[in-house]
**Q** 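Here's a structure for you.
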Amino acid sequence: MKPLPPALRIEGPVMLLIDCPNCGPRAEIEFRCGGESHIERPGPHGQVSDEAWADYLFYRQNPKAEHRERWHHAAGCRGWFNVARDTVSHAITHVYAMGASASQGTPE
Amino acid sequence: MFVTSRYSAASLIREGLNRQRGWTPAWGEPEPKARYDAIVIGGGGHGLATAYYLAKNHGIRNVAVLERGWIGGGNTGRNTTIIRSNYFYPQTAAFFEFSLKLYEGLSRDLNYNIMFSQRGMWMLGHDRHGMEMLRRSANAMLLNGIDAELHDGAAVRKHIPGLNDDPRFPILGGMNQPRGGSARHDAVVWGYARAASALGIDIIQNCEVSEFLMENGRVLGVKTNRGTVHADRVGMAVAGHSTDLGRKAGVRLPISSYALQAFVSEPVKPCLDTVILSPATGTYLSQSDKGELVIGAGLDMFLSYAQRGSLPWMERAAAGVVELFPAFSRLRFLRQWAGIVDVTHDSTPIIGATPLDGFYVNCGWGTGGFKAIPAGGWCLAHVMATGESHPLTAEFGLDRFTSGALIDEAAASGIAH
């Protein structure tokens with residue numbers, strides 16, 4: 001079969017295959033994305049400026065590159081974990097535990 | 001030999017007799033100049049409308065529209081072309097109603113047939129709570145001075161033939177906005193481009209902004225792959241790419257980018273003469289003038305800059321269509337695509353100034369930017385020309401995220417994300 005012309009070729013997966021730390025690789029529809037990881041709530045309460053609070057609530061990195069995000073295996077083990085995923089190719093580079101820092105979640 | 005610059009029935013006849021030799025390109029292809037009075041980044045509907053209204057309403061004609069690819073190749077060419085103003089809060093309702101009214105006169109204003117067909121726009125209610133939401137929505141629209149009609153299930157079936165006789169989710173009623181409808185998306189882009197070009201605006205395609213020139217908190221221009229362009233005023237209308245480009249200007253924006261998918265079926269004879277939205281079954285359906293069923297899906301709820309969309313929504317959207325219209329189960333998909341939409345927390349757009357002096361944004365349209373093109377361009381042009389927000393968008397500024405004065409249409413009109 002002849003290869004498709006570039007315009008018709010789909011680069012990367014057309015659906016996410018997410019490697020749940022508990023259940024192994026499962027289809028995208030079993031999961032819910034919980035948004036950007038490693039966001040810390042500012043404090044102490046009462047001393048947070050409006051700017052810092054707006055930043056915490058509404059402003060996200062939204063990168064056109066690798067993104068650290070939380071996923072929930074809603075239709076599986078119901079566990080949460082972190083994923084590093086490219087927002088252009090959708091390729092998942094690694095999966096790491098909740099509670100790990102971004103640097104801890106980066107392979108050597 | 002004469003040249004035809006104005007489109008009309010008479011010019012069609014004349015050019016027919018002239019063997020079609022008098023037609024000229026609808027817009028120019030100039031080289032970028034070193035300096036303009038204003039730059040608009042993004043050659044989609046909003047960017048081109050901004051340039052057109054800068055020239056028409058404010059007399060600022062020394063303007064460049066810089067487009068990375070080709071005009072209308074982004075979300076303006078990737079939506080489901082529905083125009084409506086069924087919003088809830090007074091601010092958003094007034095803004096989108098103004099946009100709808102501009103659309104009503106746009107073909108004449110631009111001398112370009114945008115094929116706006118006001119065929120009505122129905123939202124269906126499938127349960128008691130759905131009907132309560134529709135009643136609330138219709139009342140809000142009427143209070144905002146926008147016509148809306150609430151109908152029972154029998155009236156819905158009378159207006160929309162072909163609905164499933166025995167659906168899993170019964171059709172208890174529907175709300176119609178009779179002046180809603182659809183327009184030809186390419187024609188909106190081409191019409192604005194042609195009209196802007198005629199007023200002296202430079203439309204520069206294949207021109208990607210790589211960097212902003214800034215000094216003492218003021219914008220001075222942009223660097224592009226086609227050279228450096230200076231201007232004291234820069235407007236940006238780049239939808240899903242707003243955060244990425246804004247970052248280059250040192251401006252952070254409270255926007256997340258998601259892929260929104262749509263499909264068309266193979267073309268068939270006219271069979272659906274209105275627009276249908278059924279939130280409960282995930283169906284957004286109309287028929288184009290070419291005969292294709294145009295089907296809108298929902299967002300893939302994870303960040304994406306890939307313009308393709310994911311498979312689960314394709315299945316869900318198809319299931320919704322077949323549930324409402326069993327006869328359409330025989331149709332085949334013809335094309336599928338996705339656009340990268342710019343979602344704000346409250347689903348209300350952001351139009352106005354930024355912390356960088358002279359740099360203005362038009363973004364945050366989420367899944368509903370097409371219907372807002374004329375008003376979005378009108379209001380961005382206003383703030384770029386005068387430095388003051390247009391009254392319609394006075395509350396659409398970036399400051400609302402710090403003050404907390406959100407206009408939460410996400411919850412109020414049940415925008416599906």
Side-chain angles (χ1 to χ4, degrees), chain A residues 4 6-18 26-37 39 42 48-75 80-92 95, chain B residues 68 238-248 251-259 261 299-316 335-338 340-348 350 355 363-364 397-406 408 410 417:
Chain A
L4 289 167
L8 295 179
R9 224 178 284 154
I10 294 174
E11 306 287 341
V14 290
M15 193 171 154
L16 300 179
L17 185 65
I18 299 170
R26 308 288 298 180
E28 173 187 322
I29 49 166
E30 295 185 7
F31 298 85
R32 293 288 176 277
C33 184
E36 187 178 323
S37 301
I39 295 173
V48 181
S49 68
D50 287 351
E51 286 70 27
W53 191 243
D55 199 70
Y56 168 65
L57 287 180
F58 305 124
Y59 285 78
R60 296 293 178 264
Q61 299 293 327
N62 197 34
K64 202 184 279 188
E66 185 193 81
H67 184 240
R68 303 300 181 97
E69 57 197 19
R70 300 168 301 175
W71 282 81
H72 178 218
H73 196 177
W80 284 88
F81 53 93
N82 284 310
V83 166
R85 185 182 59 89
D86 190 284
T87 58
V88 180
S89 69
H90 291 184
I92 294 171
V95 174
Chain B
R68 181 177 68 165
V238 297
H241 305 279
S242 295
T243 43
D244 200 50
L245 203 55
R247 213 180 333 257
K248 291 176 179 167
V251 172
R252 293 184 66 206
L253 295 167
I255 281 176
S256 297
S257 299
Y258 298 101
Q261 246 178 126
L299 297 178
D300 294 334
M301 287 311 298
F302 48 85
L303 297 187
S304 177
Y305 288 91
Q307 291 173 313
R308 58 170 183 259
S310 199
L311 288 172
W313 254 116
M314 188 187 280
E315 185 177 17
R316 193 171 156 194
R335 280 194 306 281
Q336 175 269 0
W337 66 88
I340 303 306
V341 300
D342 39 342
V343 174
T344 58
H345 195 81
D346 58 356
S347 288
T348 291
I350 302 168
C363 58
L398 265 178
D399 52 344
R400 75 176 188 267
F401 296 95
T402 329
S403 70
L406 300 185
D408 194 2
H417 54 71

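Lettering follows sequence order; numbering is per chain, from 1. Any value given below was found using the heavy atoms of this structure, including those in side chains, with hydrogens, waters and symmetry copies removed.
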**Q** Please lay out, stage by stage, how A/D86 and B/Y305 fare under the test side chain to side chain donor-acceptor pair (under 3.5 Å).
**A** CA-CA 9 Å; A/D86 190 284; B/Y305 288 91; over 6 Å; no

**Q** Heavy-atom distance under 4.5 Å to chain B: side chain of A/E51, backbone, both or neither?
**A** both

**Q** So which part of B/I340 gets closer than 4.5 Å to some heavy atom of chain A, the side chain, the backbone, both or neither?
**A** neither

**Q** How many angstroms lie between CZ in A/R60 and NE2 in B/H345, if you round to the nearest 0.5 Å?
**A** 8.5 Å

**Q** Please name all residues satisfying side-chain hydrogen bond (donor to acceptor under 3.5 Å, both in side chains) with B/T348, sequence neighbours left out, ordered by chain then number.
**A** none

**Q** How many angstroms lie between SG in A/C33 and CG in B/D300, if you round to the nearest 0.5 Å?
**A** 11.0 Å

**Q** List in chain and number order the residues that pass side-chain hydrogen bond (donor to acceptor under 3.5 Å, both in side chains) with A/Q61, two or more places apart in sequence or in another chain; answer none if no residue qualifies.
**A** none

**Q** Measuring from atom OH of A/Y59 to atom OG1 of B/T243, what distance do you get when rounded to the nearest 0.5 angstrom?
**A** 12.0 Å

**Q** Output the distance between atom CZ (A/R85) and atom CZ (B/F302), rounded to the nearest 0.5 Å.
**A** 5.5 Å

**Q** What residue, out of B/R252, B/R247, B/H241, has the most heavy-atom pairs lying under 4.5 Å from chain A?
**A** B/R252

**Q** For the atom pair CZ (B/F401) and CG (A/D55), what is the distance rounded to the nearest 0.5 Å?
**A** 12.5 Å

**Q** To the closest 0.5 Å, what do you measure between CD (B/E315) and CD1 (A/I29)?
**A** 7.0 Å

**Q** Can you see which heavy atom on B/I255 is nearest to which on A/N62, and at what distance?
**A** O-ND2, 3.2 Å

**Q** Can you give me the closest heavy-atom contact between B/T402 and A/A54, atom names plus distance?
**A** CA-CB, 3.9 Å

**Q** Please name the pair of heavy atoms, one in A/M15 and one in B/L311, separated by the smallest distance, quoted to 0.1 Å.
**A** SD-CB, 4.0 Å

